[in-house]
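Worksheet for the structure shown next.
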Amino acid sequence: MRLQDEPDLPAQINIVPMIDVIFAILTFFIMSTLFLTRSQSLPVNLPQAATANQQSAPLTITISIDNQGVVSLDRQPVPLNSLGERIGTLVEGKSEPMVIINADQKVEHGQVIAIMDQVRRVKGVKLAIATQKP
């Protein structure tokens, strides 16, 4: 005769550790994708334009002008008088490069024109001014 020591419990699968692992992997992928975005310009308050269009080019160079008037070329501060030369070295041998000017809406109009003049001295460069839709 056989005596039963313990009652038979049905087999159970504990999924709590699996859920923890899935959330850890999900958190890793979310955090890693945040670092994949490439920002070439400094954060500025762009002026609004209802007729703004998205343009693309194989090579884009971004010039940012913050509200104090500091000029940056691809997030690196650069003096205005050497801006044309620096752009020329970046676009050397490239086809249809585009220079995008991100100017804060508080920047004086004359400074934007001076930067546009420096960019136009470089041959073969397209010029665009960044805006945002209202």
- Looking only at non-hydrogen atoms, find the nearest pair between Q118 and G84 and report the distance. OE1-N, 3.5 Å

- Over all heavy atoms of both residues, which pair between R120 and L127 is shortest? Give the atoms and the distance, please. NE-CD2, 4.4 Å

- Nearest heavy-atom approach of N102 to A130 is OD1-CB, 2.6 Å

- Query: Passes side-chain contact (heavy atoms from CB on, under 4.5 Å), Q111 versus V71? Steps please.
  - Reply: CA-CA 10 Å; Q111 188 173 10; V71 179; 3.7 Å; yes

- Message: Quick check on the hydrophobic clustering: are V16 and M18 connected, directly or via other members, by side-chain heavy-atom contacts under 4.5 Å?
- Response: no

- Answer with yes or no whether the hydrophobic clustering places I25 together with I19; edges join I, L, V, M, F, W, Y residues whose side-chain heavy atoms lie under 4.5 Å apart. no

- Message: Minimum heavy-atom separation for L59 and L90, please, with both atom names.
- Response: CD2-O, 4.1 Å

- Query: Going from NZ on K123 to CD on E92, what distance comes out if it is rounded to the nearest 0.5 angstrom?
  - Reply: 15.5 Å

- What distance separates T62 OG1 from M98 CE, expressed to the nearest 0.5 Å? 10.5 Å

- Query: Between V107 and N67, what is the shortest heavy-atom contact and its length?
  - Reply: CG2-CA, 4.5 Å

- Roughly how far, to the nearest 0.5 Å, is OG1 of T27 from CD1 of I22? 11.0 Å

- Task: Go through the steps to decide whether R121 and I87 satisfy the test side-chain contact (heavy atoms from CB on, under 4.5 Å), and finish with yes or no.
- Result: CA-CA 10 Å; R121 291 181 184 177; I87 293 172; over 6 Å; no

- Message: Apply side-chain contact (heavy atoms from CB on, under 4.5 Å) to residues I115 and L80 and explain how you reach the verdict.
- Response: CA-CA 7 Å; I115 290 172; L80 182 61; 3.4 Å; yes

- Message: With rounding to the nearest 0.5 angstrom, report the CD1 to CD1 distance, I100 to I129.
- Response: 11.0 Å

- Message: Grouping I, L, V, M, F, W and Y whenever their side-chain heavy atoms are under 4.5 Å apart, do M31 and V21 come out in a common cluster?
- Response: no

- Task: Supply the atom-to-atom distance L34 CG to F29 CZ, rounded to the nearest 0.5 angstrom.
- Result: 13.5 Å

- Non-hydrogen atoms of G124 and P97 that approach each other most closely: O-CD, 3.5 Å

- Item | Value rounded to 0.5 Å, distance of CD1 in I15 from CG in D20 | 10.5 Å

